[in-house]
Engineer: 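Can you keep this structure in mind? I'll have questions shortly.
The first residue of the sequence shown is numbered 1, and numbering continues consecutively from there. Predicted, not measured: the structure shown is a model, and the values here were computed from it.
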Amino acid sequence: MEDLSLSTLVWLRMVRFVENSNQLSNDHLRQFDLTLAQFAALAHIRNFQPITQTDLARGLTVTGGGISRMLSRLESEGLISRQQDWKTKHISLTDKGTELLERAYPSQLEQQASLFDEVLDEDEKTQLHALMKKLYEHSITRREDDSQS
């Protein structure tokens with residue numbers, strides 16, 4: 001295997017952390033009978049309801065087909081409702097969806113925060129936050145530049 005640059009090693013470590021964090025979240029959310037993707041969809045719907053299916057897919061960066069299948073399951077479980085307005089479907093949480101998210105959300109936040117709180121002190125978390133913000137903002141700029149060329 002070739003020698004990898006430090007930047008590549010950092011990227012690989014970030015990818016592995018996110019993958020592991022997502023698996024831990026899926027394991028944790030199983031108690032609420034949710035996957036991480038479903039949890040993210042419900043939280044996004046709560047924040048922007050009523051939201052169109054297109055805007056939800058864009059906000060979650062998933063395909064239209066993928067979001068359609070997930071929404072069908074969430075609707076069949078009574079967690080969301082979809083209202084057709086001519087060609088546009090608007091999605092909102094049902095009372096059952098709201099209640100489930102009110103239980104799952106704080107639990108999920110606590111589970112994720114513990115990954116950082118157990119190993120990083122406040123200064124390290126502040127530094128990591130600043131670095132991740134810098135990388136994120138740069139990636140957004142690159143994406144915008146690439147879409148314009």
Engineer: Ion pair present between Asp146 and Arg143, side-chain N to carboxylate O less than 4.0 angstrom?
Structural biologist: no
Engineer: Mark yes when over 12 heavy atoms from residues, nucleotides or ligands other than Glu99 sit less than 6.0 Å from its CD; otherwise mark no.
Structural biologist: yes
Engineer: Using every non-hydrogen atom in the two residues, find where Leu74 and Ala41 come nearest and quote the distance to one decimal.
Structural biologist: CD1-CB, 4.4 Å
Engineer: What I'd like to find out is whether the side chain of Phe39 reaches to under 4.5 Å of the side chain of Tyr105, using heavy atoms alone.
Structural biologist: yes
Engineer: Hey, are the side chains of Val18 and Asn22 touching, using non-hydrogen atoms and a 4.5 Å cut-off?
Structural biologist: yes
Engineer: Could you please spell out the steps behind the side-chain contact (heavy atoms from CB on, under 4.5 Å) verdict for Met14 and Met132?
Structural biologist: CA-CA 10 Å; Met14 286 172 35; Met132 294 307 301; 3.8 Å; yes
Engineer: Side chains of Ser92 and Gln83: does their closest heavy-atom pair fall under 4.5 Å?
Structural biologist: no
Engineer: Which value, rounded to the nearest 0.5 Å, describes the distance between Leu71 atom CG and Ser76 atom OG?
Structural biologist: 10.5 Å
Engineer: Have Thr98 and Asp95 got a donor and an acceptor in their side chains that come within less than 3.5 Å?
Structural biologist: no
Engineer: Do Leu120 and Leu24 sit in one hydrophobic cluster, given that two such residues count as connected whenever their side-chain heavy atoms are within less than 4.5 Å of each other, even indirectly?
Structural biologist: yes
Engineer: Applying the 4.5 Å side-chain criterion to the ILVMFWY set and letting contacts propagate, would Val119 and Leu115 be lumped into a single cluster?
Structural biologist: yes
Engineer: Locate the shortest heavy-atom distance separating Leu101 from Pro106; write the atom from each residue and the value.
Structural biologist: O-CD, 4.1 Å
Engineer: Has the side chain of Gln31 got a donor or acceptor atom that lies under 3.5 Å from a matching backbone atom of His28?
Structural biologist: yes
Engineer: To the closest 0.5 Å, what do you measure between OG1 (Thr35) and CG (Asp27)?
Structural biologist: 12.0 Å
Engineer: What is the minimum heavy-atom distance between Ser25 and Gln112, and which atoms define it?
Structural biologist: OG-NE2, 2.6 Å
Engineer: For Asp33 and Gln38, which heavy atoms make the closest approach, and how far apart are they?
Structural biologist: O-OE1, 4.0 Å
Engineer: Report yes if the side chains of Arg142 and Ile140 come closer than 4.5 Å at any heavy-atom pair, otherwise no.
Structural biologist: no
Engineer: Once you round to the nearest 0.5 Å, how far does CD of Glu124 lie from CG of Leu131?
Structural biologist: 12.0 Å
Engineer: For Lys125, is there an ion pair with Glu122 - N to carboxylate O distance below 4.0 angstrom?
Structural biologist: yes
Engineer: Return yes if some donor-acceptor pair links the side-chain N/O of Ser147 with the main-chain N/O of Glu144 below 3.5 Å, else return no.
Structural biologist: yes
Engineer: Taking all non-hydrogen atoms of both residues, which atom of Lys96 and which atom of Glu77 are closest, and how far apart?
Structural biologist: NZ-O, 2.9 Å
Engineer: Does the side-chain contact (heavy atoms from CB on, under 4.5 Å) test come out yes or no for His90 and Ile51, once each step is laid out?
Structural biologist: CA-CA 5 Å; His90 289 89; Ile51 186 170; over 6 Å; no
Engineer: Please identify each residue that fulfils salt bridge (Lys or Arg N to Asp or Glu O under 4.0 Å) with Arg69, with sequence neighbours left out.
Structural biologist: none
Engineer: Quick check: do Leu60 and Ile67 have side-chain heavy atoms less than 4.5 Å from each other?
Structural biologist: yes
Engineer: Find out whether Lys134 and Ser139 are in side-chain contact, i.e. whether some heavy atom of one side chain is under 4.5 Å from a heavy atom of the other.
Structural biologist: no
Engineer: Examine the side chains of Glu75 and Ser81 and answer whether a donor and an acceptor come within less than 3.5 Å of each other.
Structural biologist: no
Engineer: How many angstroms lie between CD1 in Ile80 and CG in Leu42, if you round to the nearest 0.5 Å?
Structural biologist: 7.5 Å
Engineer: Ala104 and Leu29: which non-hydrogen atoms are nearest, and at how many Å?
Structural biologist: CB-CD2, 4.5 Å
Engineer: Kindly determine whether Thr8 and Ser5 satisfy side-chain contact (heavy atoms from CB on, under 4.5 Å), including the steps that lead there.
Structural biologist: CA-CA 5 Å; Thr8 302; Ser5 70; 2.9 Å; yes
Engineer: Given side chains that start at C-beta, do those of Phe32 and Leu100 come closer than 4.5 Å, heavy atoms only?
Structural biologist: yes
Engineer: Taking a hydrophobic cluster as the set of Ile, Leu, Val, Met, Phe, Trp and Tyr residues connected by side-chain heavy atoms closer than 4.5 Å, whether directly or through intermediates, do Phe116 and Leu36 fall within one such cluster?
Structural biologist: no
Engineer: Just verifying a value: how many Å separate Met70 CE and Gln53 CD, rounded to the nearest 0.5 Å?
Structural biologist: 10.5 Å
Engineer: State yes or no: do Val10 and Leu4 share one hydrophobic cluster built from I, L, V, M, F, W and Y residues joined by side-chain heavy-atom distances below 4.5 Å, directly or via other members?
Structural biologist: no
Engineer: Once rounded to the nearest 0.5 Å, what's the spacing between atom CG of Leu128 and atom NZ of Lys133?
Structural biologist: 13.5 Å
